[in-house]
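Numbers here simply count residues along the sequence, with the first being 1. Quick note: numbers below take in every heavy atom, side chains included, and nothing from hydrogens, waters or symmetry partners.
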Amino acid sequence: MATPILYHWAPCATCSVTSSFAAEHDIELDKRDVEQEAPYQELLALGGDANLIPYLHAEGKLIQGNDAIIAYLTETYLS
């Protein structure tokens, strides 16, 4: 399984919830800060909206929001 990509903005308190959850459970994420042009363009190409971060791209799916991302990580890595 490929490492899930977390599209986030480093200073975003909302985004830190997902990052903290992953760190607490030793779940590796490829973190990409949408403040940088390349990750921003990647997210747009996937159909995401940088104003609605965080997003997780995993298994060909784009998952938006802390609750949905944490639910996915829990089901995939902790069940």
Inset, instruction - Start with the C-alpha distance between Asp30 and Arg32, add both sets of side-chain angles, then the distance that settles salt bridge (Lys or Arg N to Asp or Glu O under 4.0 Å), and finish with yes or no. - result: CA-CA 6 Å; Asp30 178 354; Arg32 299 188 186 176; 2.7 Å; yes
Legend entry - Side chains of Ile69 and Val17 in contact at under 4.5 Å (non-hydrogen atoms): no
Inset, instruction - Answer whether the closest heavy-atom distance between the side chains of Leu73 and His25 falls below 4.5 Å. - result: no
Legend entry - Validation row: Tyr7, Leu56 side chains within 4.5 angstrom (heavy atoms): no
Inset, instruction - Could you walk me through whether Ser19 and Leu29 pass side chain to side chain contact (heavy atoms under 4.5 Å, CB included), step by step? - result: CA-CA 8 Å; Ser19 295; Leu29 298 177; 5.6 Å; no
Legend entry - Ser16 vs Phe21 side-chain heavy atoms within contact, under 4.5 Å: no
Inset, instruction - To the nearest 0.5 angstrom, please state how far the CD atom of Glu35 sits from the SG atom of Cys12. - result: 11.5 Å
Inset, instruction - Taking the side chain as every heavy atom from C-beta outward, state whether Leu46 and Tyr55 have any atom pair closer than 4.5 Å. - result: no
Inset, instruction - Heavy atoms only: give me the nearest Thr14-Pro54 pair and the separation to one decimal. - result: CG2-CD, 4.2 Å
Legend entry - Those residues that, when tested against Glu37, pass side chain to side chain contact (heavy atoms under 4.5 Å, CB included) (two or more places apart): Tyr40, Gln41
Legend entry - side-chain contact (heavy atoms from CB on, under 4.5 Å), paired with Leu43, selected from Ile5, Asp49, Val34: Val34
Inset, instruction - For Ala10 and His8, work out which heavy atoms get closest and say how close. - result: N-ND1, 3.6 Å
Inset, instruction - Answer yes if the side chains of Thr18 and Asn66 hold a donor-acceptor pair under 3.5 Å, and no otherwise. - result: yes
Inset, instruction - Mark yes when over 12 heavy atoms from residues, nucleotides or ligands other than Asp67 sit less than 6.0 Å from its CG; otherwise mark no. - result: no
Inset, instruction - Please examine the side chains of Ile53 and Gln64, heavy atoms only from C-beta on, and report whether any two atoms are closer than 4.5 Å. - result: no
